[in-house]
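Note sheet for the following structure.
Atoms within a ligand are numbered from 1 in the order they appear, just like the ligands themselves. FYI, the numbering just counts along the sequence from 1. The figures here come from the full heavy-atom set of this structure, side chains too, leaving out hydrogens, waters and symmetry mates.
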Amino acid sequence: RVKDMGRNGFGFYDSSMNSNVQRNLMLNMRLHQAIQQGDIEIYYQPILDLQSRKIVAAEALMRWFDPELGFISPEDFIPLAEKNGLIHKLGDMVLLEACTQAASWQSISPITVAVNFSSVQFRYCEQLQETIVDVLLKTGLPANQLDMEVTESLLIDQGHSLMKMLAYLKQLGVGLSIDDFGTGYSALSYLQKFPFSKLKIDRAFINKMATSSSDESLVSAILAMAKSLGLKVVAEGIETEQQARFLQQHNCEFGQGYLFSKPIPAKEFMALLQRERDRKRLLLTS
Ligand code: C2E
Ligand code: MG
Ligand code: MG
Ligand code: MG
């Protein structure tokens with residue numbers, strides 16, 4: 001191996017590229033099976049009001065545990081599913097499951113569910129719109145308890161039908177969040193053009209706040225800008241009390257992160273909501 005590399009610097013890269021291709025081929029095959037066998041689960045990560053520290057929402061996140069390969073990150077399999085078209089099936093699955101769960105939370109507390117959408121799912125706008133309306137009707141979840149999370153890549157090549165769809169969903173009350181804010185490359189003018197209701201600051205910025213004062217300035221600038229555009233802000237990836245306090249002091253409305261909770265199975269999330277409600281009742285009666 002080392003000798004190969006000495007002769008042409010490509011030997012090493014070739015073999016690692018090869019095994020990458022092989023792994024992706026295998027994951028592709030397994031993903032088909034996983035969907036059929038129901039091996040893909042949805043976890044929920046609480047989103048808190050940073051002032052009251054109460055749960056106000058949950059983000060639905062896909063979890064794939066393969067019996068042999070173990071945990072496979074959505075960062076690995078979502079891009080594959082976008083290429084092989086399975087993202088449509090996966091996307092419909094997550095939406096239905098998340099809205100069904102969220103409808104059952106409403107009797108405890110008016111919790112919003114945030115569902116991630118891939119830009120690829122918007123290639124068939126009319127169909128997606130129909131699916132969303134169907135799911136809301138079928139599950140009985142109020143439209144304003146659903147937030148759609150999209151990334152900047154959706155905003156490239158946007159056509160008339162996308163704008164029409166987003167306007168329609170907004171009118172129904174469905175929320176639209178810009179996810180991973182700060183990691184893309186588009187001009188900021190899209191923030192005015194699209195009917196966003198929330199902006200999610202990427203966790204890379206939150207993470208570096210403690211060690212970099214320029215990241216702190218960046219975060220407070222984003223918060224000021226969001227405020228002037230009328231957008232609510234969710235900070236992602238809050239891991240320390242210090243980060244939470246900084247964000248709270250700069251009027252960031254919402255936060256999620258390991259400090260509060262990792263993504264957890266639906267059952268555990270339900271139990272968490274019940275505990276929160278019981279605690280409130282206890283406080284009221286004592
Ligand atoms: P995202 O939408 O930005 O989701 C937030 C990610 O940050 C999640 O990673 C979550 O587990 C992680 N996170 C939250 N708090 C913390 C923290 O305090 N520390 C650290 N280190 N991480 C934190 P996850 O679940 O691995 O998902 C990664 C990405 O995969 C998501 O990023 C999203 O882009 C995509 N994804 C996951 N589920 C779905 C889905 O159902 N549909 C689509 N289209 N994409 C999905
Ligand atoms: Mg998200
Ligand atoms: Mg994000
Ligand atoms: Mg992300």
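For the Mg ion (ligand 3), the set of nearby N, O or S atoms under 2.8 Å includes one belonging to E236. Coordination check, E149 versus the Mg ion (ligand 3): failed, since every N/O/S atom of the residue sits at 2.8 Å or beyond. In summary, no N, O or S atom of S177 is located under 2.8 Å from the Mg ion (ligand 2).
Among the atoms of Q256, none of the N or O lies under 3.5 angstrom from an N or O of ligand 1. In terms of N/O distances under 3.5 Å, ligand 1 is not approached by S73. For the pair E239 and ligand 1, the shortest N or O to N or O distance falls below 3.5 Å. Where the criterion is an N or O separation shorter than 3.5 Å, residue side chain and backbone included, D179 meets it with respect to ligand 1.
Hydrophobic clustering of Ile, Leu, Val, Met, Phe, Trp and Tyr side chains at less than 4.5 Å, counting indirect connections, unites I178 with I201. Using a 4.5 Å cut-off between side-chain heavy atoms of Ile, Leu, Val, Met, Phe, Trp and Tyr, with links allowed through other members, Y124 and M93 fall into different hydrophobic clusters. Linking ILVMFWY residues whenever their side-chain heavy atoms come closer than 4.5 Å, directly or via other members, places V94 and L31 in the same cluster.
Taking the Mg ion (ligand 2) as reference, E59 places its N/O/S atom OE2 nearest. When the N, O or S atoms of D180 are ranked by distance to the Mg ion (ligand 3), OD1 comes first. The atom of D179 that is an N, O or S and sits closest to the Mg ion (ligand 2) is OD2.
Applying the 4.0 Å criterion to heavy atoms of I78 picks out, from ligand 1, the atoms 43 (C), 45 (N), 46 (C). Residue contact check: G237 has heavy atoms under 4.0 Å from atoms 15 (N), 16 (C), 17 (C), 18 (O) of ligand 1. The contact set between ligand 1 and S118, taken as ligand atoms under 4.0 Å from a residue heavy atom, comprises 44 (N). Atoms of ligand 1 lying under 4.0 Å from at least one heavy atom of M62, given by number and element, are 38 (N), 40 (C), 41 (O), 42 (N). The distance from ligand 1 to the heavy atoms of G257 drops below 4.0 Å at these ligand atoms: 15 (N), 18 (O). Of all atoms in ligand 1, numbered sequentially from 1 with element shown, those under 4.0 Å from a heavy atom of E75 are 28 (C). Within ligand 1, counting atoms from 1 as listed, the ones closer than 4.0 Å to a heavy atom of Q45 are 14 (C), 15 (N). The distance from ligand 1 to the heavy atoms of E236 drops below 4.0 Å at these ligand atoms: 3 (O), 5 (C).
Contacts with ligand 1 closer than 4.0 Å are made by side-chain heavy atoms of D180 only, the backbone lying farther away. The part of I238 lying near ligand 1 is the backbone, judged by heavy-atom distances below 4.0 Å. When non-hydrogen atoms are compared, ligand 1 lies under 4.0 Å from the side chain of V94 (C-beta onward) but not from its backbone. Using a 4.0 Å cut-off between heavy atoms, R203 contacts ligand 1 through its side chain alone, with no backbone atom that close.
Contact check on E276 versus K280 returns no salt bridge, with no Lys/Arg side-chain nitrogen under 4.0 Å from an Asp/Glu carboxylate oxygen. Classification of R30 and D66 as a salt-bridged pair holds, one side-chain N sitting under 4.0 Å from a carboxylate O.
Ring planes of F71 and F65: tilted class, angle from 30 to 60°.
Heavy-atom contacts from other residues, nucleotides or ligands closer than 6.0 Å to CZ of R53 number more than 12.
Atoms CD1 and CE, on I111 and M270 in that order, are 10.5 Å from each other to the nearest 0.5 Å. Note: T131 OG1 to H88 NE2 = 10.5 Å, rounded to the nearest 0.5 Å. L61 contributes atom CG, which lies 10.0 Å from atom OG of S73 (distance to the nearest 0.5 angstrom).
By the 4.0 Å heavy-atom criterion, K262 is excluded from the residues contacting ligand 1. Remark: distances from the non-hydrogen atoms of R63 to ligand 1 include one below 4.0 Å.
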Full working for salt bridge (charged side-chain N to carboxylate O under 4.0 Å, His left out) between K200 and D180: CA-CA 6 Å; K200 298 189 78 172; D180 301 344; over 6 Å; no
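Both tests pass for K262 against the ring of Y258: distance under 6.0 Å to the centre and angle within 45° of the axis.
Between Y190 and E152, the side chains place a donor N or O and an acceptor N or O closer than 3.5 Å (distance only, hydrogens not considered).
Less than 6.0 angstrom separates the ring centroid of F77 from the ring centroid of W64.
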